[in-house]
Each structure stands twice: as C-alpha cells, then as structure tokens.
Asker: 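Below you'll find the structure I mean.
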Amino acid sequence: MSVQYRAVSWNPAKRRYDAVLGVGVVAYLGVFTGLSAILHPSVTAETLLIRGFGTAALLLLHVILAIGPLCRLQRRFLPLLSNRRHLGVTMFVLALGHSALSVFQFHALGNENPLVSLFTSNPRYDSLRHFPFEVLGLAALIILFFMAATSHDFWLRQLSPAAWKALHMSVYAAWALLLAHVAFGALQSERNPVLAGVLITGATLIAMLHLAAALKELGRDRNRKKLTADGFVEAGRWDDIEEGRARIVCAGGERIAIFRHNGQPAALGNVCAHQGGPLGEGRILDGCVTCPWHGFQYLPESGGSPPPFREKVPTYAATVNGGLVYVRPEPRQ
Amino acid sequence: MTLLAVLAVYLGAGLLFAIIFAARGVSRLDVQAEGAGLGFRLLIVPGVTALWPFFLWSWLNGRRVE
C-alpha cells in the first residue's frame, strides 16, 4: 500500500525475489545457448539468442500462469504471488528481445520495410504447415506489451479494477497465441519430439492446475449456510478459529471472512479492494486484517484502511453463542 | 504501408503527449501522483503513449481519481 505513487515499492523480500529472477534468467540463457552451441554447432549466434529468449519467455509465462492456481491450492506458494508483476514484465522483455532479433534476422536488410515484410512475406493463411506463425507471435506480443505497460496500481485506479482485470486476463489469449506460434513455427521444422512433448506437458499442467483450483473453489461455494430465525448464519465452532486468523463462509451470495480479533469476532467481505485477494486467507497484523496477496490492510471494526489510505471493504455483524459463531449475511450500512 | 504510417503518427503523437502528461497532467488526474518521482513518471510513458486518447479525454474533462 502507498499513498504517493512510486515506480516500485521496494522492500527486502522484493529485492530477493528479483535477484533470484535475474540470476535465473541469466543462468537459463547461459545454459541454453551453451548447450545449444555444443549440440548444434552449425547454428548461428543470432539463432541461438532468438531461441534462448523465446524459450525463456515461454517458460516464464508458464511459471506465471501456474502461480495463481498453486496459491489457491496451497498457501505456501503465496510468496510467489506478491511480486508476480515483475515476472510478467521480465517475460515481456524477453519476448520483445526474441521478436526484435527475429524481425532483424528474417525481415530486415531487404527492400521491404521489416514490419511490412512480417505481414506480407508469407500469405499462406490457408496452410497449416506453412501458416504465417510470426503474426501469431506479434499478436501475443501486443497483448503482453499492454499488460506490462499497465502493471502498476496507477492503471488499476485509472482504468477501474474491472477493466484492468479484464485486460490482464487476456494473458490466457496471449498464452494460446504463443502455443500456436510455436506449434505452427518451430514444431514444423523440429524433428525431435522433445519440443512437442514439452509444449504439450506444459499446457496440460497449466490446464490441470486451473481445473484443480476451480474445483476447490466450487466446493467451497457449494457449502452455503442456511439462515437462522433471526437472520444469522452459523459459521462453525468459535474455538476452531485461531486468534488473528479467519474462517471463510459463503452466505447471501458472498464470501465473508470471520476473524478472531482480541477474542471477538470481526466479519469482513472476503474480497480485497485492491485486486480481489482473499482476505480470509490472510491474518491480522498490527491490528489490521492483511491481504495475503499484496499486503493491503483493513481495520477489523470498520473495514476501512488505516489513515491516510482510503480503501474499504464491507463489514458484517457477527456474534458468538453457545460455542458457535454466527454472521449476518447483509453488510452493515 | 499507409497503415504503418498511420500507426507511426499515432504513436509519435502519443509519445509527445505522454511526456507532457507524465510531467504535468498525471497529478491532475490522480491524487496519488502528486509529488511522485521521476521513476513513476517514466514508468507510465509506454502505456500512456499507447492509450493517449483516453488520457487526453480525461484531462480535458477534468476527470480526477481521489
């Protein structure tokens, strides 16, 4: 959280995260180009770099896509989520490097403008084997550019959270375009089945992770609570909720996080006002409910962020009776 | 080629607008941009270059996010 915008809100965790990311990318490029040079000595340095940047970007995209469902399935992956936007921007830079080198290698130094050549040199849209796969890659790059360029809370506020979220969900369109880009491109000339196997394995893994996370969320929402006579829903045993932690219940069509704060129940809407993170999966730190995704905080009593911040989530009446905790599903006015 | 020329003009105008916007206009549209440093202002230039008609419209209409 910050009142005044900064380019990056650095902290020790983010520095470590980015250091690991940087070392990982450099190591991957080094190992990939080194091994490729040994196994394919006739391949030029430019081609090695094109392949290195391209595979690094695609691999990083799969890591990025896996983080969301992994965090839903297992809380220990949450530290990966906090700085995911840096992964995204890094992935775009790698994709841009791949694209720029490719355009220069295959479309520059001729009579035609390289960008015109990109669209006109291969018009075989009717062929599967000779499909102009470069255009698919360009379409994905454009999507990734808009995502990278809007990876800051300034854009979240200017575009509105709903529009920003919709824009960033287009990562799945970019992913599909890139899979097609590789399938219609490199796979057409690659005799070794390893590349096809890796591509299929990666796509299957991402799909399965998303399916598993979706089933878990559906199961949680299916467990809806019934109203008592006085308009409350029973939310389980009070003693099962640890101090500073919450239980999430689905009532009145919404998920409500019931925290135990100083021995008393405090119920808030489960959806963080920042980017929709699950508040109930966070904890109370410094007297504030803290979102596990990006650390946004809310006072348990009012649902408002501590001054000078202005975010707010709804609060709900909650009470403990006979060892059970109850919550009213209508938000307080 | 004509499409490429249109795109070049659009992005050229966008870059010019983005520089002016990052320097002067952003703090009028968003209270959290007041007093923001150079790093943030440079960071928004690529996106504003691509989406400059939206920000020009917002700036002219006095839209402000509190």
Side-chain angles (χ1 to χ4, degrees), chain A residues 1-10 14 85-86 88-89 92-93 96 103 107 111-120 135 138 141-164 166-168 170 273-274 296 305 307-312, chain B:
Chain A
M1 299 174 78
S2 63
V3 178
Q4 185 185 74
Y5 288 134
R6 289 187 286 169
V8 181
S9 299
W10 290 111
K14 278 188 182 175
R85 58 180 58 174
H86 288 207
V89 173
F92 167 72
V93 171
L96 186 64
V103 168
H107 298 278
N111 296 328
E112 192 79 83
N113 181 299
L115 291 177
V116 174
S117 171
L118 184 65
F119 284 96
T120 59
V135 176
L138 178 64
L141 186 72
I142 292 171
I143 293 174
L144 296 176
F145 162 76
F146 278 101
M147 292 182 64
T150 59
S151 287
H152 191 278
D153 284 353
F154 165 78
W155 295 95
L156 191 69
R157 283 161 55 86
Q158 286 295 320
L159 299 179
S160 83
W164 185 91
L167 171 61
H168 283 256
S170 63
H274 177 224
F296 272 57
S305 291
F309 307 109
R310 305 181 191 202
E311 287 77 14
K312 193 166 174 29
Chain B
M1 195 65 184
T2 306
L3 192 61
L4 213 54
V6 168
L7 188 62
V9 169
Y10 176 90
L11 291 176
L15 181 60
L16 186 63
F17 173 84
I19 292 169
I20 298 169
F21 177 82
R24 303 286 298 268
V26 64
S27 41
R28 294 191 188 181
L29 262 65
D30 194 324
V31 63
Q32 289 189 9
E34 288 175 4
L38 179 63
F40 162 73
R41 294 174 192 272
L42 285 174
L43 200 70
I44 64 173
V45 165
V48 174
T49 300
L51 298 172
W52 66 270
F54 168 76
F55 287 98
L56 176 63
W57 175 86
S58 297
W59 197 353
L60 292 175
N61 284 277
R63 179 176 157 273
R64 182 174 169 85
V65 177
E66 296 291 340

Asker: Which bit of B/Arg63 is near chain A, if near means a heavy-atom gap under 4.5 Å: side chain, backbone, both or neither?
Answerer: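 It is the side chain, since no backbone atom gets that close.
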
Asker: So which of B/Leu43, B/Val65, B/Asp30 has the biggest tally of heavy-atom pairs under 4.5 Å with chain A?
Answerer: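 Top option by heavy-atom pairs under 4.5 Å: B/Asp30.
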
Asker: Parallel, tilted or perpendicular: which describes the rings of A/Phe154 and B/Phe40, with under 30° parallel and over 60° perpendicular?
Answerer: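 A/Phe154 and B/Phe40: perpendicular rings.
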
Asker: Counting heavy-atom pairs closer than 4.5 Å to chain A, which one of B/Ala50, B/Gly39, B/Ala36 comes out on top?
Answerer: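 Winner by heavy-atom pair count: B/Ala36.
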
Asker: Sort B/Val45 into side chain, backbone, both or neither according to what part of it lies under 4.5 angstrom from a heavy atom of chain A.
Answerer: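 Answer is neither: B/Val45 stays 4.5 Å or more from chain A.
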
Asker: Output, in order, the C-alpha distance, side-chain angles, deciding distance and verdict of side-chain contact (heavy atoms from CB on, under 4.5 Å) for B/Leu3 and A/Phe119.
Answerer: CA-CA 12 Å; B/Leu3 192 61; A/Phe119 284 96; over 6 Å; no

Asker: What part of B/Leu51 is in contact with chain A, defined as an atom under 4.5 angstrom from a non-hydrogen atom: side chain, backbone, both or neither?
Answerer: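 For B/Leu51, side-chain heavy atoms alone lie under 4.5 Å from chain A.
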
Asker: Please find the pair of heavy atoms, one from B/Phe54 and one from A/Leu159, that lie closest to each other, and give the distance.
Answerer: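 Of all heavy-atom pairs spanning B/Phe54 and A/Leu159, the closest is CE2-CD2, 4.2 Å.
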
Asker: Output the distance between atom CD1 (B/Ile44) and atom CD (A/Gln158), rounded to the nearest 0.5 Å.
Answerer: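 It comes to 8.5 Å.
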
Asker: Identify which one of A/Arg310, A/Gln4, A/Arg157 satisfies the side chain to side chain contact (heavy atoms under 4.5 Å, CB included) criterion when paired with B/Gln32.
Answerer: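 Of the listed residues A/Arg310, A/Gln4, A/Arg157, the side chain to side chain contact (heavy atoms under 4.5 Å, CB included) partner of B/Gln32 is A/Arg157.
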
